[in-house]
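Here's the structure, in structure tokens; my notes come after.
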Amino acid sequence: FLKLSTPMMISSSFLFISSWIDVLMLGTMVNESQVGIYNVSFKIGSLLLLVIATVNTVLAPKISRLFEKNKVEEIKKEVYKATKIITYVTLPIALTIIIFSEKILSFFGEDFIKGKTVLILVALGMLFNSLSGSVGQILNMTKFQKQYRNFTMISAMVNIILNYFLIAKYGIEGAAIASLISNILINILCIILVKQKFNFYAFFKI
């Protein structure tokens with residue numbers, strides 16, 4: 001039990017660190033108002049995670065059952081189905097957030113409009129996450145949780161390093177860029193490993 005669960009616990013821990021490190025580092029490098037603007041923008045852009053998490057909750061046990069029966073083709077079908085559902089739901093939400101970013105932020109006050117670029121970058125990162133498919137769940141549910149753990153650690157370290165340099169130069173936009181790059185990185189690493197192990201790409205196909 002510990003052998004299976006410990007890598008997942010570590011992965012979750014590093015994902016949690018990645019989701020908060022930008023705010024923590026901003027708190028030491030910019031003023032409080034900038035942190036508040038970033039926090040609101042990031043949370044709005046992260047709404048897409050609700051859709052991803054909901055679908056993954058249903059998908060994860062299916063992948064596990066099919067993997068135990070060695071039904072890779074069935075896993076492929078379920079993953080494609082899940083990726084399409086996630087994409088069809090998140091794409092219009094992401095486009096709405098991007099197109100109407102100023103209006104959405106203006107509900108919180110005129111000062112929050114300064115977070116427009118942050119909101120757009122976060123939404124793009126979450127959209128890339130959606131289009132990539134449930135690659136993290138595939139690895140966790142098919143005994144490749146150690147590799148996924150390593151990917152989350154790499155992503156978190158890259159996020160910390162990028163935040164340090166980019167916040168100093170670009171402020172809250174730098175933190176958003178760091179988050180975007182680290183998010184793309186972990187998804188690409190997972191996509192490549194899924195392709196190597198199961199011979200299919202999990203990302204969205206029309």
Pairing residues for Ala82 by the side-chain contact (heavy atoms from CB on, under 4.5 Å) criterion, not counting sequence neighbours: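 Here the qualifying residues are Val55, Leu59.
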Heavy-atom neighbours of Asn31 CG exceed 12 at 6.0 Å: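 Enclosed: over 12 neighbouring heavy atoms sit under 6.0 Å from CG of Asn31.
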Residues forming a ring pair (Phe, Tyr, Trp, His ring centres under 6.0 Å) with [X], sequence neighbours excluded:
| X | result |
| --- | --- |
| Phe42 | Tyr38 |
| Phe112 | none |
| Phe67 | none |

Candidate pair Leu48 and Asn129, rule side-chain contact (heavy atoms from CB on, under 4.5 Å), full reasoning: CA-CA 9 Å; Leu48 300 179; Asn129 198 355; over 6 Å; no
All pairs passing salt bridge (charged side-chain N to carboxylate O under 4.0 Å, His left out) where residues 104-120 contributes a residue, at least two apart: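 Residue pairs with at least one partner in residues 104-120: Glu102-Lys116.
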Ion pair Glu68/Arg65, N-O distance below 4.0 Å: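 Answer for the salt bridge query: no.
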Check for a donor-acceptor pair, side chain of [X] on one end and backbone N or O of [Y] on the other, with a separation under 3.5 Å.
| X | Y | result |
| --- | --- | --- |
| Ser41 | Gly115 | yes |
| Ser155 | Phe151 | no |
| Ser64 | Pro61 | no |
| Ser130 | Ile52 | no |
| Thr28 | Met25 | yes |
| Asn183 | Ser179 | no |

Which atom pair, heavy atoms only, marks the closest approach of [X] to [Y]?
| X | Y | value |
| --- | --- | --- |
| Thr83 | Ala202 | OG1-O, 3.1 Å |
| Tyr80 | Phe203 | CE2-O, 4.3 Å |
| Leu119 | Gly45 | CD1-N, 3.5 Å |

Spacing of Ile167 atom CD1 and Ile172 atom CD1 [to the nearest 0.5 Å]: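 It comes to 10.0 Å.
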Leu47 CG to Ile97 CD1 distance, which is reported to the nearest 0.5 Å: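 Between Leu47 CG and Ile97 CD1, I get 5.5 Å after rounding to 0.5 Å.
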Set of residues satisfying salt bridge (Lys or Arg N to Asp or Glu O under 4.0 Å) with respect to Glu173, sequence neighbours excluded: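 Partners of Glu173 by the salt bridge (Lys or Arg N to Asp or Glu O under 4.0 Å) criterion come out as none, since no residue qualifies.
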Single-linkage hydrophobic cluster Tyr164~Leu26, side-chain heavy atoms < 4.5 angstrom: yes
Side chain to side chain donor-acceptor pair (under 3.5 Å) between Lys195 and Asn199, intermediate numbers included: CA-CA 4 Å; Lys195 173 62 176 175; Asn199 196 33; 3.1 Å; yes
Member of Leu189, Thr142, Leu139 meeting the side chain to side chain contact (heavy atoms under 4.5 Å, CB included) criterion with Tyr148: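 It is Leu139; the other options fail the test.
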Any Phe144 side-chain heavy atom under 4.5 Å of Phe198 side chain: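 A side-chain contact under 4.5 Å exists here.
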Flag for Ser134-Asn56: side-chain donor and acceptor within less than 3.5 Å: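 On atom types as modelled, these side chains qualify, holding a pair under 3.5 Å.
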